[in-house]
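Sharing a structure here in structure tokens format.
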Amino acid sequence: MTATHSSSRAFSSLNLHQDLVKNLSTLGYQEMTPIQALSLPEMLAGKDVIAQGQTGSGKTAAFGLALLEKLQVKRFRIQSMVLCPTRELADQVAKEIRKLARAVHNIKVLTLCGGTPFGPQIGSLEHGAHIIVGTPGRIEEHVIKGTLKLDDLNLLILDEADRMLEMGFEAALDNIIERTPLERQTLLFSATFPKQIQVISESIMTEPVMVKVSNSDDQAKISQQFFHVENDEQRFEALRLILLTNPVESSVIFCNTKKETQAVCTKLHDDGFSVLALHGDLEQRDRDQTLLRFANKSAAILVATDVAARGLDIDALDLVVNYHIAHDSEVHIHRIGRTGRAGAQGKAISLFSDKESYKVGLIEDTLEQVIKPELLPSTEVLNNTRTQAKMTTIQIDGGKKQKVRPGDILGALTAKSTGAEVNGKDVGKISVLDNKAYVAVNKKVLKIALRKLSTGKMKGRSFKVRHLTL
Ligand code: AMP
């Protein structure tokens, strides 16, 4: 069965608790996005739903609202669980659910992901939760050890199911799902629909409703350019020309492999570009830092693999470059969908060689458009200055566990004392993690900011600080 239309886009047309609806308007969600309008009525009716939802479509709020509506807050048991491919996505999902749940008191969301110590998670599980959000590997460990019991689960959500399979989580998913009650609602979100997804959905879902949102509306806002290159040497030269003719604040370059991601980043860095790399060979901690530094505008360019870029939470990128064409046209559409968000005009540029021409053909078929390669910009631009990031990041060796709060950091930076001070407008995003905090400051005030943070006190003590250079 396929759901194709919905009569109203107003959240009030749904059978949602009033408090949830009221909170949505405070979040600035005026009306449902297409995927919400199509999937919410089905999910709220208790049906299993397979939805094609990409990052940016509003999919998290779609399943988040269904989840909260179903939840019985007074029953302090694990009732719903969201499985995500990466820790970054799990963190984002948990954040969005907490935001949506603001109007409902005492909802406990617990994230369970790899890359963090096991022991404290057991402690948190002993305290109990309503909702679990996490990655399959770690959740599997917990269910096998018996530290996570899913007997009361009545809603299971697989987010970015295609990525979870790509990352080899199929066996972990099987092990987890085996330990959930059969009488449950299952929702599956995926950007693409390879055959494997169909097979899985058949085995774990009951008469699922398919929800698909057309990409055509979104695509209109993204201008796409394609450039033909002869070989890898010309590919890199073409990339430099493109970056120099498009001197934007934030761009992402997608590569198909981790090795190439690192190589392209290193070469761009050596050529004077403000750039960071993001791929799975980096330690989780470094990936978190990179995401944070790119989002706070401490680097103008991010070179990334598709999987690693899943954790990227930026409303609108100015430019997306496909260094190689994605292996699948739906992945291509997903990549370029990261630009042109929130009504802004986006730009996507793709490089391809003869070997990849057939992939361009597949994109033409998907978009129902003829693609005409353009001429590369002139090499004159190679002497242009490279756009530098306006901000830079300072790491502070103290976080939530040390009770450091954003206000303490801002306070220490802007405190009036003898000597120069930092103006609030030169302080950017402040992110406080468990044991570390990061603050973006305008490069022109870096030295003063470092001095203020290292000599000033926060929570009555001083913390070690470090400038993160590119
Ligand atoms: P997602 O596709 O879940 O990653 O969501 C993309 C962004 O859209 C997030 O920043 C959400 O907070 C936001 N969002 C979700 N639903 C709505 C809505 N109905 N109206 C406006 N923004 C929304």
Side-chain angles (χ1 to χ4, degrees), residues 1-75 78-84 92-109 130-133 153-161 183-191 201 205-215 217-218 315 341-343:
M1 196 170 115
T2 305
T4 47
H5 69 278
S6 166
S7 51
S8 165
R9 285 281 195 95
F11 283 107
S12 55
S13 68
L14 298 169
N15 212 355
L16 276 177
H17 199 280
Q18 265 207 342
D19 291 342
L20 284 177
V21 178
K22 265 196 225 143
N23 180 45
L24 289 171
S25 57
T26 68
L27 291 175
Y29 296 8
Q30 306 297 353
E31 56 173 23
M32 290 187 260
T33 64
I35 197 157
Q36 291 163 356
L38 285 172
S39 65
L40 266 164
E42 308 290 345
M43 297 191 291
L44 292 173
K47 295 192 186 140
D48 281 5
V49 174
I50 301 178
Q52 177 153 27
Q54 320 211 339
T55 304
S57 60
K59 67 183 169 73
T60 319
F63 65 70
L65 286 169
L67 181 159
L68 291 169
E69 183 64 36
K70 187 168 181 133
L71 198 75
Q72 290 175 274
V73 186
K74 288 194 179 128
R75 278 190 78 221
I78 293 167
Q79 297 168 51
S80 32
M81 179 163 73
V82 188
L83 296 171
C84 305
Q92 267 178 48
V93 166
K95 208 161 102 189
E96 178 86 10
I97 293 178
R98 289 192 182 105
K99 237 166 55 179
L100 295 169
R102 268 197 320 219
V104 197
H105 294 297
N106 297 325
I107 290 193
K108 181 93 178 72
V109 185
H130 293 101
I131 304 161
I132 299 287
V133 183
L153 192 91
N154 59 23
L155 176 60
L156 173 70
I157 299 166
L158 307 182
D159 192 12
E160 301 200 351
E183 281 293 308
R184 55 155 211 267
Q185 185 181 8
T186 308
L187 310 174
L188 184 151
F189 284 74
S190 194
S201 65
M205 302 177 90
T206 315
E207 295 177 25
V209 179
M210 276 287 284
V211 168
K212 199 172 165 164
V213 179
S214 142
N215 286 312
D217 291 349
D218 296 340
D315 277 343
R341 292 251 183 103

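Starting from 1, each residue takes its place in the sequence as its number.
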_Validation row: Phe11, Gln36 side chains within 4.5 angstrom (heavy atoms)_ =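 Phe11 reaches Gln36 side chain to side chain.
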*Quick one: side chain to side chain contact (heavy atoms under 4.5 Å, CB included) partners of Ser13, sequence neighbours excluded?*
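For Ser13 the side chain to side chain contact (heavy atoms under 4.5 Å, CB included) partners, ignoring immediate neighbours, are Ser8, Met32.
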*Within the distance-only criterion (no hydrogens, no angle test), does the side chain of Asp48 pair as donor or acceptor with the backbone N or O of Glu207 below 3.5 angstrom?*
no
*State, with a plain yes or no, whether a side-chain heavy atom of Leu188 is found less than 4.5 Å away from one of Ser190.*
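Sidechains of Ser190 and Leu188: in contact.
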_Looking at every heavy atom in both Val133 and Cys84, which two are closest together, and how far apart are they?_
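Looking at all heavy atoms of both residues, the closest pair is CG1-SG, 4.1 Å.
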*Short side-chain to backbone donor-acceptor contact, Gln79 and Gln72, under 3.5 Å*: yes
_Which residues pass the side-chain hydrogen bond (donor to acceptor under 3.5 Å, both in side chains) test with Thr186, not counting sequence neighbours?_
Arg184
*Would you list the pairs meeting salt bridge (Lys or Arg N to Asp or Glu O under 4.0 Å) in which at least one residue belongs to residues 49-67, sequence neighbours left out?*
Lys59-Asp159, Lys59-Glu160
Quick one: side chains of residues 60-71, donor-acceptor pairs under 3.5 Å with protein atoms, not counting sequence neighbours, listed by atom name and distance.
from	atom 1	to	atom 2	distance (Å)
Glu69	OE1	His17	N	2.7
Lys70	NZ	Gln185	OE1	2.9

*So how far is it from Leu158 CG to Leu83 CG, rounded to the nearest 0.5 Å?*
5.5 Å
*Looking at CG of Leu24 and CG of Leu14, how far apart are the two atoms once the value is rounded to the nearest 0.5 Å?*
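Separation between the atoms: 9.5 Å.
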*side-chain contact (heavy atoms from CB on, under 4.5 Å) between Ile78 and Ile131: does it pass, once the steps are laid out?*
CA-CA 6 Å; Ile78 293 167; Ile131 304 161; over 6 Å; no
*Spacing of Ile157 atom CD1 and Ser80 atom OG [to the nearest 0.5 Å]*: 6.5 Å
With a cut-off of 3.5 Å and sequence neighbours excluded, list every side-chain donor-acceptor pair involving residues 96-108.
from	atom 1	to	atom 2	distance (Å)
Glu96	OE2	Tyr29	OH	2.7
Arg98	NH2	Val109	O	2.8

_Please find the pair of heavy atoms, one from Ile35 and one from Ser57, that lie closest to each other, and give the distance._
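Of all heavy-atom pairs spanning Ile35 and Ser57, the closest is CG2-O, 3.3 Å.
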*Can you list every salt bridge (Lys or Arg N to Asp or Glu O under 4.0 Å) pair that touches residues 10-37, not counting sequence neighbours?*
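Only Arg9-Glu31 qualify under salt bridge (Lys or Arg N to Asp or Glu O under 4.0 Å).
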*From Leu187 atom CG to Ile50 atom CD1, the distance as rounded to the nearest 0.5 Å*: 10.5 Å
